[in-house]
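Quick note on labels: first sequence line is chain A, next is B, and so on, each numbered from 1. Everything numeric in this text was worked out from a predicted model, so none of it was measured.
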Amino acid sequence: MDLKKLTQESDSQWRIAPAGKMRVPAILYGSAELMRDMDEKVYEQIVNVAALPGIERAAYAMPDAHWGYGFPIGGVAAFDPKHGGVVSAGGVGFDISCGVRTLTTGLTSADVESVAEGLADALFRTVPAGVGSRGRIHLDPAEMDAMLSGGAAWAVERGYGLPQDLDRIEEHGCMKGARPDAVSEFAKKRQKDEMGTLGSGNHYLEVQRVTEIYNSEIARIFGIREDDVVLSIHCGSRGLGHQIGTEFLKQMLLAPEARQIELPDRELACAPIESPIGETYLGAMRAAINCALANREIITHLSRQAFAQVLPKAELRLLYDVSHNTCKVEEHRIDGGSKRLFVHRKGATRAFGPGHPDVPAALQETGQPVLIGGTMGTASYILAGVPESEARSFGSSCHGAGRQMSRHQATRQWHGRELVDQLRRQGIIIRSPSLRGVAEEAPGAYKDVSAVVDAADRAGLSRKIARLEPMVCVKG
Amino acid sequence: MDEKHWEHFYHQADIGVRGVGPTKEEAFEQAGLALTAVITEVGSLEAKDLVKVECEAPNDELLFADWLNAIVYEMATRRMLFGRFQVRFDGNRLQGNLWGQPVDVAKHQPAVEVKGATYTELEVKRGEDGAWIAQCVVDV
């Protein structure tokens with residue numbers, strides 16, 4: 001991105017003043033280096049978002065922002081329904097409620113190292129991963145609707161997961177306002193055999209070692225110490241979410257109430273929040289959030305089974321589960337007052353600070369855990385929300401590394417088998433049904449997640465707590 | 001005019017699929033192959049089983065996105081991969097035939113699921129040489 005087009009406000013904050021059809025400024029976070037490397041399309045897309053009706057305060061781009069569909073990936077925007085505010089299917093994304101959850105295990109790396117191959121096999125055998133994989137749970141229409149209404153709470157009721165997990169999931173594991181009746185039969189059919197599956201692409205299940213602690217007091221409350229082993233899961237709402245995203249993208253473009261909105265880009269298709277299509281989408285999207293929460297809860301249950309086979313002393317406790325593709329209704333401070341806003345986070349993680357009412361009671365002092373996934377060869381991070389992020393980004397932070405190289409380029413540069421062997425020499429065990437898939441996900445195809453996380457920390461979007469490095473990675 | 005063919009084009013996070021052919025039908029069919037090639041080697045597939053799809057949209061571009069989404073849907077729900085496509089237009093409706101086989105993970109090494117067709121770089125047009133081009137970015 002051409003830095004001359006931006007006004008630098010601090011070493012990690014940049015501004016695009018309102019011009020043309022922009023209703024609010026755009027604020028971008030990141031170091032000069034990250035901003036220089038950022039695609040020009042991010043500039044174009046964040047400017048377009050700033051022109052949408054009912055947008056409040058500013059359109060924000062996180063330090064890992066990259067070229068998306070309509071919204072940049074790493075984009076945050078909040079809309080006021082009382083001022084014509086909109087909801088956008090593209091502003092949430094196809095993989096609705098894609099997110100990360102991290103569990104502590106009560107183990108240290110020495111406990112795992114001697115049995116790591118066996119643990120990798122057990123996880124790979126127990127958690128279905130990859131294209132065409134099916135889950136072991138098959139939902140009939142009544143159970144499908146119960147799952148879409150109940151989320152992770154439904155999963156726990158059915159014996160997948162533990163009741164105490166729910167305290168550590170956004171929305172207490174159950175997104176209110178879900179409308180299974182707003183979800184098409186096509187979407188339900190696509191999901192029927194996919195519960196408890198990991199998916200493919202950048203989704204993963206990873207056994208990680210804590211290699212560095214940046215804030216020991218918060219880490220202590222999170223229950224993590226250096227050399228501890230944790231388990232992280234990255235996946236979303238599977239076929240159901242993808243189908244809902246696909247269907248509403250078209251419906252929002254064609255619906256009469258949506259056609260009155262002047263769009264700078266077809267991909268920004270949106271509808272007034274207070275319109276039939278807007279309300280239907282919100283009901284379907286919330287059902288997809290529940291699908292993602294149920295899916296990650298089932299995968300957690302399966303992971304506990306796999307750990308029990310290999311390391312019976314492991315005790316997997318959920319630290320937190322946070323989504324990074326959502327639209328949520330939240331109260332935010334605007335012009336000295338409080339407003340109820342519809343906050344879109346597309347490839348951005350909610351990052352509420354200490355004392356926020358939506359943060360679990362046990363974490364009120366620390367702020368919400370912010371879970372940032374890396375690649376199978378680099379690092380992931382645990383951060384914590386800070387009070388200042390409310391004013392800076394509606395309480396949002398980055399979500400990951402973001403690709404720097406296309407899948408095609410990656411397969412020309414790396415071969416799956418060589419990569420698996422090379423990572424093994426570094427002490428990282430990979431299990432995947434597809435060697436081509438491994439090559440496409442090569443660590444070198446991604447940007448440096450550490451630079452992104454450092455920028456989020458410096459910009460005051462969230463603070464670094466711990467660095468994690470992979471020991472075992474199951475890829476779809 | 002170029003022979004019919006398919007290709008991928010660059011998108012930072014995902015991948016663009018493009019079909020080119022002397023007719024609009026062939027451009028759509030070639031784009032089907034480009035979509036399959038995101039997931040597996042097209043040459044590894046046997047065109048054994050036939051699945052029929054129908055789509056309807058108010059213009060060529062939305063019809064193209066619907067066509068790719070219909071293939072994505074059939075791949076996902078039937079656990080199949082398709083290596084041959086046939087398209088027929090009837091006004092703003094499309095009737096498509098997909099030939100393929102069930103996913104064989106060991107043989108096909110499927111790299112990634114396609115979540116859906118996006119409207120990014122979505123175009124259906126005739127190039128200067130008269131060839132039809134149908135393309136968009138797909139989310140993976």
task: Rounded to the nearest 0.5 Å, what's the gap from CG on L122(B) to CZ on R266(A)? Could you check?
output: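 Here the interatomic distance stands at 4.5 Å.
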
query: What is the distance from atom OG1 of T77(B) to atom CG of D193(A), rounded to the nearest 0.5 Å?
result: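 So the OG1 of T77(B) and the CG of D193(A) are separated by 9.5 Å.
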
message: For chain B, which candidate among R190(A), E194(A), E441(A), Q409(A) shows the most heavy-atom pairs at distances under 4.5 Å?
response: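 Greatest number of close heavy-atom pairs with chain B: R190(A).
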
message: Among R403(A), K192(A), K250(A), which residue has the highest count of heavy-atom pairs closer than 4.5 Å to chain B?
response: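 Of R403(A), K192(A), K250(A), K250(A) has the most heavy-atom pairs under 4.5 Å with chain B.
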
message: Only heavy atoms, only distances under 4.5 angstrom. Which residues in residues 237-247 of chain A are near chain B?
response: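 R238(A), H242(A), Q243(A), T246(A), listed by number.
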
query: Just checking heavy atoms, which of residues 432-440 of chain A are less than 4.5 Å from chain B?
result: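 So the qualifying residues are P433(A), S434(A), L435(A), R436(A), G437(A), E440(A).
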
Residues of residues 107-121 of chain B within contact distance of chain A, non-hydrogen under 4.5 Å: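 The stretch touches chain A at Q109(B), P110(B), A111(B), V112(B), E113(B), V114(B), K115(B), G116(B), A117(B), T118(B), Y119(B), T120(B), E121(B).
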
- prompt: Taking non-hydrogen atoms and a cut-off under 4.5 angstrom, which of residues 66-76 of chain B neighbour chain A?
  reply: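 The residues closer than 4.5 Å to chain A, in numerical order, are D66(B), N69(B), V72(B), Y73(B), A76(B).
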
- prompt: With a 4.5 Å heavy-atom cut-off, do L62(B) and L253(A) have their side chains touching?
  reply: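 Side-chain contact under 4.5 Å: yes.
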
query: Are any non-hydrogen side-chain atoms of H408(A) and Y10(B) less than 4.5 angstrom apart?
result: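 No, every pair of side-chain atoms sits at 4.5 Å or beyond.
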
Atom [atom1] of [X] with >12 non-hydrogen neighbours under 6.0 angstrom:
X: R88(B); atom1: CZ; answer: no
X: E41(B); atom1: CD; answer: no
X: H8(B); atom1: NE2; answer: yes
X: F9(B); atom1: CZ; answer: yes

field: Contact origin within P102(B) toward chain A - heavy atom pairs under 4.5 Å
entry: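 Nothing of P102(B), per the 4.5 Å heavy-atom cut-off to chain A.
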
field: Ring centres under 6.0 angstrom apart (Y69(A), H11(B))
entry: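 Yes.
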
field: Non-hydrogen atoms of V131(A) and V105(B) that approach each other most closely
entry: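 Shortest heavy-atom separation between V131(A) and V105(B) comes out as O-CG2, 4.0 Å.
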
- request: Measure K41(A) against the heavy atoms of chain B and call it side chain, backbone, both or neither at under 4.5 Å.
  value: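 The side chain, not the backbone.
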
field: Check: R407(A) side chain, D14(B) main-chain N or O, donor-acceptor pair, under 3.5 Å
entry: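 Answer holds: no.
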
